[in-house]
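Working notes, structure below.
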Amino acid sequence: MTLNEKSVQNSITQWIVDMEGAPGTLYEGEKFQLLFKFSSRYPFDSPQVMFTGENIPVHPHVYSNGHICLSILTEDWSPALSVQSVCLSIISMLSSCKEKRRPPDNSFYVRTCNKNPKKTKWWYHATLVCGSQSARPWLERKEHSVPFKGMQPLCCEKAEQL
């Protein structure tokens with residue numbers, strides 16, 4: 001991971017971090033860019049973090065518009081987290097992937113979402129795997145969506161726009 005120095009020349013509140021997929025993973029050798037946007041409340045408010053550029057990873061928790069479903073980017077944010085620790089969490093999320101695929105609601109989400117991923121209320125499912133055809137109707141019933149704290153979600157989907 002490296003900070004793209006050109007990205008901070010115009011504004012200290014917006015950074016681009018260049019990263020590469022970890023060796024021995026599905027993303028080995030692939031290059032990605034993460035966009036960090038910091039509000040005036042940072043570090044007490046999480047930065048807006050999303051993939052940007054020409055190569056958005058195909059992953060069950062990454063939408064084709066670059067939005068990332070990861071709890072530390074929203075409700076599990078802590079001021080103790082740094083840009084480096086966020087990047088490490090994202091690399092870890094990519095590295096644990098066993099199959100490249102988009103989230104099951106990718107098309108709908110990309111058509112209807114806010115440009116700011118922090119405007120999405122994510123719901124994390126601890127017991128089901130994204131994309132499971134038999135689980136899909138169960139996931140769509142909001143009363144079964146239980147927020148899952150403290151871990152990378154096994155399954156996530158957009159619940160509502162804020």
Side-chain angles (χ1 to χ4, degrees), residues 1 3 7 11-17 19 22 27 32-53 56-132 135-162:
M1 297 171 285
L3 178 62
S7 71
S11 173
I12 193 71
T13 61
Q14 188 167 303
W15 297 6
I16 292 179
V17 174
M19 63 189 312
Y27 303 94
F32 307 106
Q33 289 187 318
L34 285 171
L35 173 64
F36 283 77
K37 290 184 179 181
F38 303 94
S39 75
S40 60
R41 294 200 17 84
Y42 178 81
F44 301 105
D45 184 34
S46 65
Q48 178 182 324
V49 181
M50 58 190 285
F51 283 99
T52 190
I56 306 294
V58 177
H59 185 279
H61 300 298
V62 179
Y63 288 86
S64 59
N65 63 354
H67 290 193
I68 305 165
C69 179
L70 185 64
S71 65
I72 65 165
L73 300 179
T74 55
E75 62 193 45
D76 286 339
W77 172 256
S78 165
L81 293 171
S82 66
V83 170
Q84 183 178 15
S85 63
V86 169
C87 289
L88 288 172
S89 292
I90 292 171
I91 286 177
S92 176
M93 180 186 79
L94 292 176
S95 297
S96 65
C97 186
K98 303 294 183 213
E99 177 186 6
K100 287 185 176 185
R101 60 184 166 84
R102 290 281 179 221
D105 64 339
N106 182 72
S107 295
F108 177 77
Y109 177 76
V110 170
R111 276 193 326 269
T112 62
C113 71
N114 190 292
K115 289 185 180 187
N116 181 348
K118 290 178 63 173
K119 300 285 185 185
T120 298
K121 182 172 175 66
W122 301 101
W123 291 83
Y124 305 95
H125 305 277
T127 58
L128 301 171
V129 178
C130 271
S132 167
R136 192 76 196 140
W138 190 87
L139 290 173
E140 289 171 348
R141 293 176 53 199
K142 196 172 182 179
E143 67 271 16
H144 291 142
S145 299
V146 179
F148 190 68
K149 299 265 188 193
M151 293 181 67
Q152 175 182 322
L154 294 175
C155 186
C156 60
E157 66 179 44
K158 177 194 64 88
E160 57 191 61
Q161 300 296 321
L162 299 177

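Checked against side chain to side chain donor-acceptor pair (under 3.5 Å), S11 has the following partners two or more places apart in sequence or in another chain: T13. Residues that satisfy the side chain to side chain donor-acceptor pair (under 3.5 Å) test with D45, not counting sequence neighbours, are S39, K118. Residues passing the side chain to side chain donor-acceptor pair (under 3.5 Å) test with S64, sequence neighbours excluded: N106. Remark: S95 pairs with A22, T25, I91 by the side-chain contact (heavy atoms from CB on, under 4.5 Å) rule, at least two apart or across chains. Among residues two or more places apart in sequence or in another chain, the salt bridge (Lys or Arg N to Asp or Glu O under 4.0 Å) test is passed with K37 by none. Checked against ring-ring contact (aromatic ring centres under 6.0 Å, His included), W77 has no partners two or more places apart in sequence or in another chain.
In this structure, CD1 on I90 lies 10.5 Å from NE2 on H59, to the nearest 0.5 angstrom. With values rounded to the nearest 0.5 angstrom, Q48 atom CD is found 14.0 Å from Y42 atom OH. Rounding to the nearest 0.5 Å gives a distance of 14.5 Å between OH of Y63 and CD1 of I56. Taking CZ of R111 as the reference point, atom CG of D105 lies at 10.5 Å (rounded to 0.5 Å). Note that CD1 of I16 is 6.0 Å distant from OG1 of T52, once rounded to the nearest 0.5 Å. Of the inter-residue distances, the one linking S7 atom OG with I12 atom CD1 reads 9.0 Å to the nearest 0.5 angstrom.
Counting all heavy atoms, side chain and backbone alike, C87 lies closest to M19 at O-CE, 4.1 Å. Nearest heavy atom pair, residue C69 against residue M93, reads O-SD, 4.3 Å. Heavy-atom minimum distance, Q14 versus F38: N-CD1, 4.5 Å.
In this structure, P117 and L73 have side chains that are not in contact, with every pair of non-hydrogen atoms separated by 4.5 Å or more. Side-chain contact between P57 and Y27 is present, with at least one heavy-atom pair separated by less than 4.5 Å. Looking at T120 and N114, their side chains never come closer than 4.5 Å, going by heavy atoms from C-beta outward. A 4.5 Å side-chain heavy-atom check between L34 and F51 finds at least one atom pair inside the cut-off. Between L94 and F32, the closest side-chain pair of non-hydrogen atoms falls below 4.5 Å.
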Next item on the list: Take F36 and L3 through the side-chain contact (heavy atoms from CB on, under 4.5 Å) test and state the conclusion after the steps.
Entry: CA-CA 10 Å; F36 283 77; L3 178 62; over 6 Å; no

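Within the 3.5 Å criterion, the main-chain N or O of A80 finds a donor-acceptor partner in the side chain of S78. For S92 (side chain) and L88 (main-chain N/O), no donor-acceptor pair under 3.5 Å exists by modelled atom type. Listed for the R101 side chain is no donor-acceptor partner under 3.5 Å among the backbone atoms of V58.
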